[in-house]
Amino acid sequence: MDPGGSGRCRRPCVFARETRVLQDRPVVRRTGWTQGGRYSNMIKRIIHDHVTEALDALKLSHDKEFTVEVPNNPEHGDYSSNAAMVLAKENKTAPKKLAEKLLKELVKNKYFKSVTIAGPGFINFEIAPALYQKTLWDIHKLGAEFGDSEYGEGEKVLLEFVSANPTGPLNIVSARAAAYGDTLYRIMKKVGFDPAREFYINDAGNQVDILAESLELRLREIHGENIGEFPYEAYHGEYVTHLAHKLNAADGARIFMMPEKERTERLKEFALNELLEMQRQSLERFDVTFEGWVSEKTLRGEGVVEEVLSYLTEADCTYEKEDAVWFASTKFGDDKDRVLMKSDGSITYFVPDLAYHLTKIQRGFTKLIDVFGPDHHGYVPRLKAAFRALNYDEDMLEIIFLQQVNLFESGEKVKMSKRAGKIVTMDDLVNVVGKDAARYFFIARKANAHLNFDLELALQQNNDNPVYYCQYAHARICSILKKAKKDKVYPRSFKKELTQKLTRPDELALIQKITDLPELLEVIAAYREPHRLATYTEELCGLFHRFYNKFQVVSAKNKELSQARLLLIETVKDTLAMCLDLMGISAPEKM
RNA sequence: GCGCCAGUAGCUCAGCUGGAUAGAGCAGCAGCCUUCUAAGCUGCGGGUCGGGGGUUCGAGUCCCUUCUGGCGUGCCA
C-alpha cells in the first residue's frame, strides 16, 4: 500500500476537504439562562424581571448583566442579587446607594415578603408565599414540558459510549458507560441539544482473529479432537463453548470441510453476530438503545482508511521507519509518534477509529463526545493530534473518562480478566440487583471517580440502595392520590385559587426545590455531570418524605387544603417521574 | 522516569465550578405506626476535607510541592 500515492482522487472523497478555522469556542455556554436572556428558573426569572422593571422605572441603565442566586446562608434570604454592585459603575452611584433606590421600588411588590440590603450592596429577597403559589401553578400548567429548554440550541452532539469489543459479554465498566451515556443523552435532549447515541463495533482487529481461533478450538473439542492445553491468549470464557455448540448445531462437521479462509470467515461472522446480538440484548435489558451501530469492518470497506492515510500524508505528517508508516503526532502535542501501518502492511486500530470520528463530523455533528474507560487516556493525545494535523477544531472532540469499577466480594477485590474468562458481566449485575438499582448505582457517582461495588452488599441489602428511597416516594404519592380519588376529595380539575392554601414552610420548600430542576438540567448537560440528577432526586424525595410524615394530605374536613396539597404532591410526583425517567429508572405506582 | 485520575465521618459517596456554620446514605445509639405505604420520619454521637506552602476579604474548591492508591506510557484494541 502506498499512503502517499496518487490514487486518492479516483474514488469520491468521503470527507469534506474545506479548511476549518480553529475557533475559540467556550467549553461551556452560560447555564441557567434561556435564549432570550431570561432565567430558566422561574422564580429567579421573576425576581430578575422585577429588578429590571425597577431599574427602568428609576431610569437607571443596566447594560451589564446581573445575577440572582440562592445564597448559601439562609440568613441572607431566599434569593440574592448583585445588581447594585454590578451596575454601580455605569450609573455612577455607590453600590449601597443604588441598592437603596432599588429597594424603595422593590418593596412595593407583593411577591417579596422582605427586601434588604446586606454587605457591600447585595439585595436579599425573602419570598412571599404568593410567588411560590404562582410558580406551582405555572409548573402545573406546563405539565410534561416543564424543564424543556432551548439551551442546547439544537446542536448536533454525537455520544459514543460502550463500544466494547464484540468478543464477549459486556462487563461492569460497559454497564457504567451505558448508564452514564444514556442518561446524559436523555438530559441533553431535554434541554434542547440534538444528540445521538452510537456504538462503534471493533469487528476488524486482532481480537476478532483470536476469537475465531478460540471458537474453532472449542468446536474441535466437541468433535472429540484433543486440542491440548487451551492457549493462554485465547478467550477462555464459557460463552465460547456455548457458541461452539450453537455453531455445531447449525453447521455440524461441514465447517471442517471448508477451505481454511472460508472457515475462518464463517467462524468470525458467526461469533460476531452472536456476540453482538448478545451485547445488544444486554443493553436493551438496561433500557439503553443506540441510534447508530457503526462497524469498523464496514467502514474499512468504504475506503475511508486509505483516505485518512492520504490526508495525513498530504498534511506532511507521516513518515516511514522500520518498514512501518508513522504519524508524526509529536508535532501536534503527543508524547511520541504513532504507527499507522504496521510493517506487515496491516493497519493499526487508530486509523479506522480516526476515520470513524471524521465521519461523525461529516454527518454534521459539531460536538463529538466519547465516553472511554480508564485504560484509554493515553489514546487521546493522538486523536487530538490528528484533528489538529487535519485542521479540524480539536475542541469538537471531547473525551469523558469513566474510572474503573472495582468489585468486592467478602471484602476482597475480585480480579477480572476477560482473556481468562473470569468476569462479572453486565447481565450478572442486572440479574442480581435489577436494572433500576444498577443504573442508579452507576449514575449516582461522578464519572471520574473510582467506584467500589460490593457484590454482597448489593445482593443482601439491596433495600439500602437509595433508588428505593426515590421510587418509594413516588409510590407513596400514587397511593395518596388513589385514596383521594376513592374518598372523592380529588377534584375534577384543579383551580388556581387553591394554591393560596399552601403556606407552610415544608410546602413552599417543595415548590422551591421543584423550580430548581430546569436550571439543574442545563448545568448537567453543560458539564456532562448526570450524577447531580441523582443527588437532586434524593433531595426532592427527602423533602417529600418529611412533608408526608408531618401532614395529612387527604382529609374530608378541610377539602380545599386537601386539594391544594394534592396539586402539590401531584406536581412532586410528575417531577420525580421525570427525573427517574431521565435516569432510565422506572417510577412504580406501588411497592 | 513521564503523563492522566482520585484521596472529604468507621464504610460508600455528595459538595451548585471561589462564598459565610463542610452534607447525605449505610453502620451505632434513642424515639415515632388504631390516621393517605415504617423501603419512611425525628433526635444524638462521629471530621486537623491525605500533609505542607501559596494566591484571595474569603479555599474542600485555584496554583506549587509532597505522600498514598489506581491507570496509562505496544507495530493490543
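A, B, ... follow the sequence lines: proteins, then strands. Residue 1 opens every chain.
Checking B:rC4 for Watson-Crick or G-U wobble geometry (two distances, each under 3.5 Å) identifies B:rG70 as its partner. In this structure, B:rC33 forms no base pair with any nucleotide, since neither Watson-Crick nor G-U wobble geometry is met with both distances under 3.5 Å. For B:rG23, the paired nucleotide is B:rC13, the pair qualifying as Watson-Crick or G-U wobble because both relevant distances are below 3.5 Å. Under the Watson-Crick or G-U wobble criterion, with both distances below 3.5 Å, B:rG28 is paired with B:rC44.
For the pair A:R338 and B:rG74, the criterion of a side-chain N or O lying under 4.0 Å from OP1 or OP2 is not met. Residue A:N448 places at least one side-chain N or O under 4.0 Å from the OP1 or OP2 atom of B:rA6. Applying the 4.0 Å criterion to OP1 and OP2 of B:rG15, one finds that A:H531 has a side-chain N or O inside that range. Of the side-chain N and O atoms in A:K336, one or more sit less than 4.0 angstrom from OP1 or OP2 of B:rG74. OP1 or OP2 of B:rU12 has not a single side-chain nitrogen or oxygen of A:R445 nearer than 4.0 Å. Within the structure, every side-chain polar atom (N or O) of A:K483 is placed at least 4.0 Å from both OP1 and OP2 of B:rU35. In this model, the phosphate group of B:rA77 is approached by a side-chain N or O of A:K342 to a distance below 4.0 Å at OP1 or OP2.
Residue A:Y548 is classed as a base contact, given a heavy-atom separation below 4.0 Å to a base. Nucleic acid contact for A:H545: sugar-phosphate only, since backbone atoms but no base atoms lie under 4.0 Å from a heavy atom of the residue. Among the protein residues, A:F551 comes within range of the nucleic acid bases, having at least one heavy atom under 4.0 Å from a base atom. When heavy atoms are screened at a 4.0 angstrom cut-off, A:Q471 is found touching no nucleic acid atom at all. Across all strands shown, A:N202 has heavy atoms under 4.0 Å from sugar-phosphate atoms exclusively, and none from any base. Contacts of A:Q552 with the nucleic acid, taken as non-hydrogen atoms under 4.0 Å apart, include base atoms. Here A:V554 lies in heavy-atom contact (under 4.0 Å) with a base. Across all strands, A:K550 comes closer than 4.0 Å to no nucleic acid atom at all (heavy-atom distances). Counting any heavy atom pair closer than 4.0 Å across all strands shown, A:Y472 reaches a base atom. Using a 4.0 Å heavy-atom distance criterion, A:S343 is classed as a base contact. Across all strands, A:I477 comes closer than 4.0 Å to no nucleic acid atom at all (heavy-atom distances).
Each of A:F290, A:Y180, A:Y200, A:F199 was checked for a ring-ring contact (aromatic ring centres under 6.0 Å, His included) with A:F161, and the lone residue meeting it is A:F290. Exactly one residue among A:E570, A:Q552, A:E560, A:E507 makes a side-chain hydrogen bond (donor to acceptor under 3.5 Å, both in side chains) with A:R565. That residue is A:E507. Paired with A:I514 under the rule side chain to side chain contact (heavy atoms under 4.5 Å, CB included), one option of A:T575, A:D574, A:L543 passes, and it is A:T575.
A gap of 14 Å separates the C1' atoms of B:rU12 and B:rG7, to the nearest Å. B:rU55 and B:rG19: their C1' atoms are spaced 16 Å apart (whole Å).
Whole-Å rounding puts the A:E539 CD to B:rC13 P distance at 19 Å.
Between the side chain of A:H376 and the base of B:rG72, no donor-acceptor pair under 3.5 Å is found.
For B:rU55, the glycosidic angle deviates from 0 by more than 90°, giving an anti base. With its glycosidic angle more than 90° from 0, B:rC44 is assigned anti.
The distance from the CD atom of A:E296 to the OG1 atom of A:T298 is 10.0 Å, given to the nearest 0.5 Å.
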